[in-house]
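Have a look at the structure below, then the notes.
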Amino acid sequence: MTDHALLTDWKIYPSFLVGWILLALLYAVGVGPLRRRYRLAERPDRGRAALFAAGLGVMFVALQGPIHELSDHYLFSVHMLQHLLLTLAVPPLLLAGTPAWLLRPVLRTETVARVARFLTRPLVAFALYNALFALWHVPALYDVVMRDHDVHIVMHLSILAAAVILWWPVVTPVPELNHLSYGGQILYLFLLGLPMMALASLITLADHVLYPFYAEAPRLWGLTALEDQQIGGLLMWVPGSAVLWIGITVAFFKWSAAQDESASAAPPPAPGVPRPRS
């Protein structure tokens, strides 16, 4: 197969497709029959449903087709792109697309609620994700991942789950469960970029190939293994950081809008009481 033909190679793997369809069906049943049966809400939120569908779509593109083939067999840089999609795009879309009334019945179970409250604490979520992400990128373990497909599946499931927990304090469907204030979200997302930049810099600035699997892989488009690795590190460094700064910008403008709304909703001063000077 030629280098360019790989860009249109859409292989579909049943092991992924079964889980992906099951997740989509669970959501559809929750916002459809279960919502009506238990009167969880009067009508489905089409905007949220569109966001959830977008998250499923990005997940499909990341784990099937050309991105899957290139990352699993040829290019470290595409594998890093895949990880960015799984950790910085899919989780916030899925969370933003999940209505609170769909999760609250599950959280009524005390054990589930206790575990959820612990895992979604900002410090716990931050530490869990970054430790797990860094661990999977240790060269010796990464090499095992690339040579054992079952371990590779475990890695993807674990970093995806950790990323959902990571994003919960920012994009929580249930506001009463460890939801950061806008100021807290800005600080949280800024700090989140620091471990990512540290790992990205180690990968980008290394003077030798860190991952033996990609040193042995067939070369594409004239890229050496070291150049491929440097591109992968830069993808984590620049676009990865840019996504976090987009989140910071959104949180800032929401914070500003909330303050303006609060100020406009404040009652006028009583007669004879001077207005405070700005």
Side-chain angles (χ1 to χ4, degrees), residues 10 12-65 67-68 81-109 112-113 115-117 119-120 125 129 156-180 182 185 188-189 239 242-244 246-251 253-255 257-258 261:
W10 273 98
I12 306 298
Y13 293 87
S15 58
F16 164 81
L17 199 59
V18 169
W20 186 80
I21 291 174
L22 180 60
L23 179 60
L25 285 176
L26 285 173
Y27 184 85
V29 170
V31 300
L34 289 182
R35 174 188 58 81
R36 293 190 294 269
R37 180 175 180 179
Y38 295 102
R39 299 180 180 178
L40 299 175
E42 289 189 6
R43 60 180 65 86
D45 187 328
R46 293 183 179 179
R48 285 189 180 275
L51 289 172
F52 196 91
L56 289 175
V58 175
M59 185 191 301
F60 187 90
V61 170
L63 292 173
Q64 300 294 279
I67 290 180
H68 177 276
L81 172 63
Q82 183 185 62
H83 287 180
L84 290 179
L85 292 173
L86 289 177
T87 58
L88 300 183
V90 173
L93 286 170
L94 294 182
L95 287 171
T98 304
W101 49 260
L102 189 58
L103 291 179
R104 284 193 178 113
V106 179
L107 294 172
R108 288 174 189 159
T109 304
V112 174
V115 171
R117 281 195 297 269
L119 290 177
T120 57
Y129 170 79
H156 281 164
L157 289 175
S158 65
I159 64 172
L160 181 57
V164 169
I165 294 170
L166 176 77
W167 280 96
W168 186 283
V170 178
V171 199
T172 175
V174 186
E176 61 269 22
L177 186 62
N178 289 325
H179 187 219
L180 286 169
Y182 291 125
Q185 291 176 31
Y188 182 81
L189 291 172
V243 170
L244 298 178
I246 290 172
I248 289 171
T249 303
V250 170
F253 280 109
K254 284 186 174 182
W255 191 9
E261 184 178 346

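Residues D45 and F52 form no side-chain contact, since every pair of their non-hydrogen atoms from C-beta on lies 4.5 Å or further apart. Residues L56 and F60 form no side-chain contact, since every pair of their non-hydrogen atoms from C-beta on lies 4.5 Å or further apart. Between T172 and N178, the closest side-chain pair of non-hydrogen atoms is not below 4.5 Å. In this structure, R117 and L177 have side chains that are in contact, with non-hydrogen atoms separated by less than 4.5 Å.
The neighbour count for E42 CD, taken as heavy atoms of other residues, nucleotides or ligands under 6.0 Å away, does not exceed 12. Within a 6.0 Å radius of CZ in F253, no more than 12 heavy atoms belonging to other residues, nucleotides or ligands are found.
We find the CD-OG1 distance between Q82 and T87 to be 10.5 Å, quoted to the nearest 0.5 Å. Here the CG atom belonging to L26 is positioned 12.0 Å from the CD1 atom belonging to I21, to the nearest 0.5 angstrom. In this structure, L166 CG and L119 CG are separated by 12.5 Å, a value rounded to the nearest 0.5 Å. To the nearest 0.5 angstrom, M59 atom CE is 5.0 Å from L160 atom CG. In this structure, CD on Q64 lies 5.0 Å from CD1 on I12, to the nearest 0.5 angstrom. Taken to the nearest 0.5 Å, the CD1 atom of I246 stands 11.5 Å off from the CG atom of L189.
Across L40 and P105, no two heavy atoms sit closer than the pair CD2-CG, 3.9 Å. The shortest heavy-atom contact between Y27 and A49 is OH-CA, 3.4 Å. Here the closest non-hydrogen pair linking F16 and L63 is CE1-CD1, 3.6 Å. Minimum heavy-atom separation, P173 to L95: CG-O, 3.5 Å. Between T120 and P169, the shortest heavy-atom contact is O-CG, 3.5 Å. A pairwise comparison of heavy atoms in W101 and G30 identifies CZ3-O, 3.8 Å as the closest pair.
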Criterion side chain to side chain contact (heavy atoms under 4.5 Å, CB included) on V90 and V164, from CA distance to verdict: CA-CA 8 Å; V90 173; V164 169; over 6 Å; no
